[in-house]
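One is the number of the first residue; the rest follow in order along the sequence.
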Amino acid sequence: MDIDWQLVGDSFWPIVVGGLRGTIPLSLASFAIGLAIALLMALMRLSRNPAVTFIAKAYISVIRGTPLLVQLFVIFYGLPSIGVTLDPWPSAIIAFSLNVGGYAAEVIRAAILSVAKGQWEAGYTIGMSRTTTLRRVILPQAARVSVPPLSNTFISLVKDSSLASLILVTELFRNAQEIAAFSQQFLLVYIEAAFVYWVFCLVLSSGQTRLERRLDRYVAH
């Protein structure tokens, strides 16, 4: 196959821009909201109230047991049938946030449970309430433990955000689809898009490694 280097050069920057203006902002917004949902679900899972625990378990089970694409389609194409119509961007953010919340909840719960029970007792000893102990003692330690798996979740989200192109969200892969359709060079353009995704993930993985090393300084060995 002859490589059209002119097409490669002309299409590279629009694909990168699609990532910088679409993929990364979409992933960051969804991940931030998803983390808030995950923390709430994790705390509900640890609740002593059976009803609260059941709600969290049900949510996590549904999210983890159904494909992200189906969740995205339910929100964008399904909700209008009951009178709820959302634009592509809000639909994608809602779907991705709910998905992240379901997966990250178990990560956060496991991180909280990994903190020694003596840390709770130490907080109570100096007069802290359960909520204060959780906020000032437990969660900071759990955060360090959860950084690697949560970072992997974010990197996976960056790749999964390509599904947003199916509901017409303008992002990296959507730009690649439009260029490929216009040029009819599908293999070349899609390989180029895959390369850009790979570079993005390499940068994010490097940032993850640096963050882990930085946090590791504060962990006793």
Side-chain angles (χ1 to χ4, degrees), residues 23-68 71-72 74-75 86 89-124 126-161 163-164 204-205 207-219:
T23 299
I24 298 301
L26 176 61
S27 300
L28 286 173
S30 300
F31 189 69
I33 297 172
L35 278 186
I37 296 173
L39 177 58
L40 176 62
M41 291 297 111
L43 295 178
M44 290 174 66
R45 283 278 280 116
L46 296 172
S47 172
R48 297 169 183 172
N49 186 319
V52 172
T53 301
F54 174 78
I55 292 173
K57 284 183 177 180
Y59 167 77
I60 293 170
S61 177
V62 169
I63 293 299
R64 292 167 68 95
T66 56
L68 174 55
Q71 298 165 15
L72 184 63
V74 165
I75 292 172
L86 299 172
W89 267 87
S91 297
I93 290 175
I94 291 172
F96 293 151
S97 298
L98 292 174
N99 189 267
V100 169
Y103 281 91
E106 290 297 272
V107 172
I108 295 175
R109 184 178 71 90
I112 292 174
L113 292 175
S114 71
V115 179
K117 293 183 179 180
Q119 297 296 308
W120 288 97
E121 297 170 358
Y124 298 151
I126 60 176
M128 290 185 181
S129 65
R130 178 178 176 81
T131 301
T132 303
T133 302
L134 175 67
R135 179 171 56 86
R136 299 184 64 179
V137 179
I138 305 302
L139 287 182
Q141 296 181 64
R144 288 197 291 267
V145 176
S146 63
V147 163
L150 289 180
S151 297
N152 291 334
T153 299
F154 179 68
I155 292 174
S156 295
L157 176 61
V158 169
K159 294 180 290 183
D160 290 342
S161 66
L163 293 175
L204 292 172
S205 296
Q208 173 187 348
T209 301
R210 289 174 178 270
L211 180 59
E212 289 178 17
R213 289 175 179 172
R214 188 176 186 84
L215 292 176
D216 196 49
R217 299 175 187 175
Y218 305 100
V219 179

Side chain to side chain contact (heavy atoms under 4.5 Å, CB included) for Phe31 and Leu35? Distances and angles first, verdict last.
CA-CA 6 Å; Phe31 189 69; Leu35 278 186; 3.5 Å; yes
Nearest heavy-atom contact between Val158 and Ser27 is CA-OG, 3.5 Å
When rounded to the nearest 0.5 angstrom, what is the spacing between CZ in Phe154 and CG in Leu204?
5.5 Å
Any side-chain to backbone donor/acceptor pair from Thr53 onto Ser47? Under 3.5 Å, distance only.
yes
Look up atom OG1 in Thr133 and atom CD in Glu121, then write down how far apart they are to the nearest 0.5 Å.
11.0 Å
With sequence neighbours left out, the residues meeting side-chain contact (heavy atoms from CB on, under 4.5 Å) with Ser151 are Val147, Gln208
Contact list for residues 32-61, test ring-ring contact (aromatic ring centres under 6.0 Å, His included), sequence neighbours left out:
none
Ser114 side chain to Ala111 backbone, donor-acceptor under 3.5 Å
yes
Distance-minimising heavy-atom pair for Ile60 and Ala105
CD1-CB, 3.8 Å
Go through the steps for Val137 and Gln141 under the test side chain to side chain contact (heavy atoms under 4.5 Å, CB included), then give the verdict.
CA-CA 7 Å; Val137 179; Gln141 296 181 64; 3.5 Å; yes
Any non-hydrogen side-chain atom of Leu46 less than 4.5 Å from a side-chain atom of Leu113?
yes
So CG of Asn99 and CD1 of Ile37: to nearest 0.5 Å the spacing works out to 10.0 Å
Do you know the tightest heavy-atom contact between Val115 and Ala142?
CG2-N, 4.0 Å
Test Leu139 against Leu39 for side chain to side chain contact (heavy atoms under 4.5 Å, CB included), laying out the working first.
CA-CA 10 Å; Leu139 287 182; Leu39 177 58; 4.2 Å; yes
Does Ser97 reach the main-chain N or O of Ile94 with its side chain, forming a donor-acceptor pair under 3.5 Å?
no
Here the pair of heavy atoms bringing Leu150 nearest to Ala104 is CD2-CB, 3.7 Å
Please answer whether the main-chain N or O of Ile63 pairs with a side-chain N or O of Gln71 as donor and acceptor at a distance below 3.5 Å.
yes
Indicate the atoms forming the closest heavy-atom contact of Ser146 with Val107, along with that distance.
CB-CG1, 4.1 Å
Compare all side-chain heavy atoms of Leu43 with those of Leu134 and state whether any distance is below 4.5 angstrom.
yes
Given 3.5 Å as the limit, does a donor-acceptor pair link the side chain of Glu106 with the main chain of Gly102, or not?
no
Closest non-hydrogen atoms of Phe96 and Asp160, given as atom of the first, atom of the second and distance, are CZ-O, 3.9 Å
Gap between atom CD of Glu212 and atom CZ of Arg214 - 0.5 Å precision:
14.0 Å
With salt bridge (charged side-chain N to carboxylate O under 4.0 Å, His left out) as the rule and sequence neighbours excluded, what pairs involving residues 129-143 come up?
none
